[in-house]
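Notes follow the structure.
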Amino acid sequence: MAFKFLLLVGLFFVVDGVIAQESVKQSRQESPWAWACRTGRGCVKVAKDSPVEEGDNLDNPTLAGCKLTCNGESTLWPKPRSIISLSKTLISFHPTDIRISRISAPTPKVKSLTNEAIQVLRSVIRKSIPNTQRGRNQTTKETQRPQINIQISIVSGDDRLEMTTDESYNLHVETIFATAATPNSPRSTTSVSITATSFFGARHGIETLSQIMAWDDTLGTMIMLTDVNISDSPAFVHRGLLVDTSRNYVSVPVIKKIIDAMSYDKLNVFHWHLTDTHSFPFVSTREPRLSLYGAYSPAKVYRPEDIKELVHYATVRGVKIVPEFDAPAHVGSGWEWGERAGMGQLALCVNKEPWTTYCVEPPCGILNPVNDNIYSVLSNIYQDMRDLFVSDIFHMGGDEVNFACWNETTEIIDWLKTQGRTEKSKEDFLYLWTYFQNRSLAEVDKAYDNKQPIVLWTSGLTEDGHADKYLDKNRYIIQIWTTGTDESIAQLYRQGFKLIMSNYDAWYFDCGYGQWVGDGPNNWCAPYIGWQKVYENSPRKLIVNFNETFNSRQILGGEAAIWSEQVDSTTIEGKLWPRSSALAERLWTDPDTTWRVAEHRFNHHRERLVQRGIQADALQPEWCHHNDGYCFL
Amino acid sequence: MSESSRRIYSLLQFIFVFNALWLVSAHSSFFEISSPWVWVCKESKCVRTRASETTQGQANAVCKLTCYESATLWPLPTVKPTLSKDVTAFFASNVRITKLTSNSSKTDEMLREAVAIFTNYIQQMESNGLGDSTRDCVVSANTCKSASYVAAQHLLNVEVIVTQDTVQLALDTDESYTLDVKTEDTVTTAYIVAETYFGARHAMETLSQLITWDELSNSLVMIQDAHVEDSPVFAHRGFSIDTSRNYVEISLLKRIIDGLSYNKLNVLHWHITDSNSFPFVSSREPLMAIYGAHSARQVYRSADIQELVHYAQVRGVKIIPEVDAPSHVGAGWDWGPLYGMGDLLLCFDIQPWDAYCYQPPCGFFNPINDKVYTVLGNIYKDMADLFQNDMFHMGGDEVKMKCWNETESITQWLADKGWDQEPDPLLKLWSHYQNQSLAKLDEAYGNTQPVILWNSDLTAKGHGTSYLDRNRYIIQFWDRWNDTTLKNLYEDGFKLIISNYDALYLDCGFSGWVGEALNNWCAPYIGWKKIYENSPKAMIENFGLEYNKDQFLGGEAALWAEQSKGLALEGKIWPRLSALAERLWTDPETGWRLAETRLHIQRERMVDRGITADPLQPEWCMQNDDSCFL
């Protein structure tokens, strides 16, 4: 029955009359094209009047209908880890046909989060409908409309996303068609059931549900798969993006859009590199001078109320915001007021030249670890962060500490002498750095009143011979940013550290643009990294390539990073998307297949992101999207 | 007078600096206060300084406006301008057009539109600057504080005189202008004198760049006295947009034109069709877009185009359409057999595509089917109805011969004509196509306008001179900057437009989109510095030849749209295209380094006006002049 109905609809697709208005002869010209599902290719544009090739299936001959039904993964992104079944049949519906029949949640908080997630679903569906079509009313009588009833069932009361949170879900969709249309019965009844341990799993289920639906521009209606059975859970627990808001400021509305897009990809960690030497946009209630001096302008700040709102916004979308306070290097702007306030030099070598001697990029700056006052300021920053963020991990940065500045500072050298260290050797400065790390960690612990896991970047402190000596592997998680073949990965892995992968040769999205400091055609980590390389960068394979056995408990996952020297609110979306989606499938599904197998779905997902308002970059001529499998060499 | 207004301005600064200091000490109320930093001009650099340590402090933008030798103008005027170091504060509501003089009502009408655009900039600058804060100052109600009172009282009058009545921008259009700004008492007057409308609109663009928002006085400020005499070095300063690989919405095309106008670029070269899609709705050949558009929504209708052409004209931009052929055709031409017209098209989407063309889908005209010329003639006629008639682009690039060579009807036709005895029969066929289609073009337009072709086999050494009339054809050069093709074309005497891909293709460097390559064919991504330094003079002198500027009409950067679509494409265009703008308008002897700070300001200016231009550096570099160098 369903089948016949669809064929009927398929016959009536007409061009919207847009071209037709121009045409003198043809007042309402039908589009000459249809889409065939072709074995070994995918959806291919075919002339309606040309003979069907052997193996071509024209059951759902619209672009949207074909894409939803042509292959085994439909248009789902990231691909679920276990698809039990997806129907090849479709129903058409209007957004108002969707009803929530039941939400079963153990606490009011979880129920309220779930209701918000449903509102997000409704808004996502609305966005996928072109402006001109949104206002259209349904002409069919209410009782004859298809019904889509959603039930959601959540077991646990977790309302904060942690590394141990169960993000799995089951999505079950079943459609019953009326045997005959009577005035009082619906054409079809679709039952959608989402079951999950946690709210976060349920939210992913809702996201998947939104992806078995699409706007069909030919039919002028929403369409959806009739029957679906999916059981899904992520391969890695930590699936993140790092956004740097210090080199250039990124506005709160744009951060929200990034979180929106992350939720479409089931990415779950927004690693917020809040501060750096360039600017200090974080408004610390306890230390207001930091952003007063350090923000680019009074408007380019993150206030407590902005952050609170963002944290909630992210939670509803299944995203945890992990703040990073990078130190002792990568500080500068915002720390200039120490001496005037009678607190001595808090930061050293701020803006010092020639910068190449003291740091990796201008402006330089490093904390003065022998000034006790920095620990009280740090403590205040940590306490403010504790008040605002709900993360179960904290990022202390710790990268790129250049010893030249400390080495030239009398105050430092004198202090080292008091410790019996007079050689000014690398070991001496590592000792100082460790001193800083331990003291600041104590302040983090005091502020949070717990011993949460701490993330540090790979650095001189994590090198062979130092990491195991200075850092507790049960306390520190190391975020890798070297190339994917760097020996330090194997070393840290063998030493038993938990790792988050951000190897720059695949997951730094700022690479490849023009040189921003000095001559030279392109920036330091050029070339631009295409989505294919992003997709192929498997943390599992990186470990296996070192002849190590992969232990999934030691590899928490990964993050792509966008360092913001050459990006801000204006263009960040096109640099993040759709490449972040490639990262997402790697970390959620960790498929054994290559980018080639994923390409058609990926192109489609890019279109979906754009429909939902994300300014994702284009990957190929649209012709390729209309002719799956023909844009290969 | 300028003395008294300067005094009042310093008083006003003092009040705001004092406010800032007072609030710094009361740091509990952070959100209401301004930054502790101000900028001081030292040796043509703006140095960030604690407000408490200076009485000379200015807002960063105001410092940059008055500190640099050429203020923050982009592109730099060709004659060094005379600019005072003093600024006058005023409100956007105080801008008045006191005189518009021209010889025709059409010019008057366009001038009024240009003035509206100009005042809109100023209002936008003010509202961006004010942000959420409102200005509680009404002079008549006497609610102004003394400092604001001065700004609220100060008038900016604009007077425009245009002598010629040219309203179509052509290669010989005089785009020069003179801008004089004079301040007396509470009135600043900007006098604009230009030969043509186009010069006058450039002058208004320049005038708008002498104005900035001052966050210390919470008002607009402008340079008090200025004399600018300016005219472009090259007549053809363009950008080529491809709307076939991916569709670009009309609203986005308008934003691109906006951006061109901010940079005094004057050509939008519209690569409207290709083998991928045919979005141009031809009234005479409606099947083209019905078959060839990506979807019914993704088309350009006559009304859209008419509006766009006017929109561009007012902004000093000419739109040149390109119908690329005989290669780079495909989508939209496939209805021939069904409608009794025979094969208009050959080898469409043939596999393996890489044997027949440079990217999928392949497609070539069938040059021996006369119906091709009939349809082309109709398309040209539609274009003649919509676009200006002084230049047309016929494409003509990347014709691989394998398809024609393997088509029996073609080899037979060549044999029938006896052309198979020629040294290069297929090249002769191509030239036959070119001549036939040119005849159709001339018939459609009723003139013999200059025609642009991409450099190709047809324009190669020995071919160009025998097949193409150098008084008729302009060649757009897209090979590498030091490719001998350029030398040959130059020596063969063709007029040239440079678009060498190694500096001017803005699509280079992104991921591979066809096949296994990690990056696309012309990687790496081209930074703005390379674009800035890409000069026709250097290219010619590199061959050891004497540079004759007159042979270069100018240049164009191109964004081929395989990987560009939607708003994300804007960040690929801007601000890199601004670098080309200064090269073509000013053709400076100096390198990128002297232009860098000004380019960053131009980028900020464009963002202020709504363009999502890519940032080039950390904002810190803007706040610390000359600190981001190796």
Side-chain angles (χ1 to χ4, degrees), chain A residues 15-16 18-19 22-24 26 29 31-32 217 247-249 278-279 283 288-289 292-293 296-299 351 356 362-363 512-519 521-522 526-528 530-533 565-568 570-571 573-574 610 615-623 626 630-633, chain B residues 24 27 30 33-36 131 245-247 276-277 281 283 286 289-291 294-297 299 301-302 349 354 360-361 509-515 518-519 523-525 527-530 562-568 571 607 612-620 623-624 627-630:
Chain A
V15 174
D16 225 42
V18 187
I19 296 176
E22 284 298 318
S23 152
V24 185
Q26 289 108 332
Q29 178 74 39
S31 166
D217 206 31
R247 269 58 175 251
N248 278 306
Y249 180 77
H278 302 70
S279 77
V283 175
R289 280 170 293 198
L292 181 60
Y293 276 77
Y296 279 134
S297 81
N351 304 358
T356 43
Y513 294 92
Q515 176 63 274
W516 68 269
V517 59
D519 274 311
N522 295 95
Y528 176 93
W531 77 271
Q532 298 94 329
K533 190 159 187 187
E565 283 87 352
Q566 294 168 285
V567 73
D568 65 12
T570 55
T571 52
E573 282 173 58
V610 173
Q615 293 159 24
D617 205 8
L619 296 160
Q620 287 190 330
E622 187 161 338
W623 188 86
H626 290 186
Y630 283 89
C631 286
F632 286 107
L633 255 182
Chain B
V24 168
H27 50 73
F30 170 80
I33 67 175
S34 24
S35 148
R245 269 56 173 253
N246 279 305
Y247 179 77
N276 296 263
S277 78
V281 176
S283 318
I290 287 171
Y291 273 77
H294 285 308
S295 75
R297 279 176 211 292
V299 294
R301 292 171 277 178
S302 304
D349 195 19
D354 53 317
F510 296 94
S511 42
W513 68 267
V514 62
L518 288 175
N519 292 96
Y525 177 91
W528 76 270
K529 296 167 187 174
K530 190 161 186 183
E562 284 88 351
Q563 296 169 283
S564 293
K565 189 178 178 181
L567 199 50
V607 171
T612 55
D614 211 16
L616 297 162
Q617 288 190 330
E619 187 164 340
W620 187 87
Q623 300 196 347
N624 295 271
S627 297
C628 289
F629 287 105
L630 257 181

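So you know, we letter chains A, B, ... as the sequences are listed, proteins then strands, and number each from 1.
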key: Selection from P521(A), P363(A), P527(A) maximising heavy-atom pairs under 4.5 Å formed with chain B   = P363(A)

T571(A) and P615(B), any side-chain heavy atoms less than 4.5 Å apart = yes

inquiry  = Do S511(B) and Q532(A) make a side-chain contact, defined as non-hydrogen atoms from C-beta onward lying under 4.5 Å apart?
reply    = yes

ask   = Do N351(A) and W620(B) touch side chain to side chain, with heavy atoms closer than 4.5 Å?
value = yes

ask   = What residue in S627(B), S277(B), G527(B), G566(B) has the most heavy-atom pairs under 4.5 Å with chain A?
value = S627(B)

Within-4.5 Å side-chain heavy-atom neighbours: S31(A) and Y291(B) = no

remark   = Sorted by chain and number, sequence neighbours left out, ring pair (Phe, Tyr, Trp, His ring centres under 6.0 Å) with Y296(A) holds for none

ask   = E619(B) versus chain A, heavy atoms under 4.5 Å apart: side chain, backbone, both or neither?
value = both

Contacting moiety of N276(B), where chain A heavy atoms sit under 4.5 Å = both

ask   = Given a strict heavy-atom distance threshold of 4.5 Å, which part of V607(B) is in contact with chain A: side chain, backbone, both, or neither?
value = side chain

key: Distance (rounded to the nearest 0.5 Å) between Q617(B) CD and E565(A) CD   = 10.0 Å

key: Proximal component of K529(B), with respect to chain A [non-hydrogen, under 4.5 Å]   = side chain

key: Test item: N519(B) side-chain N/O and Y528(A) main-chain N/O as donor-acceptor pair under 3.5 Å   = yes

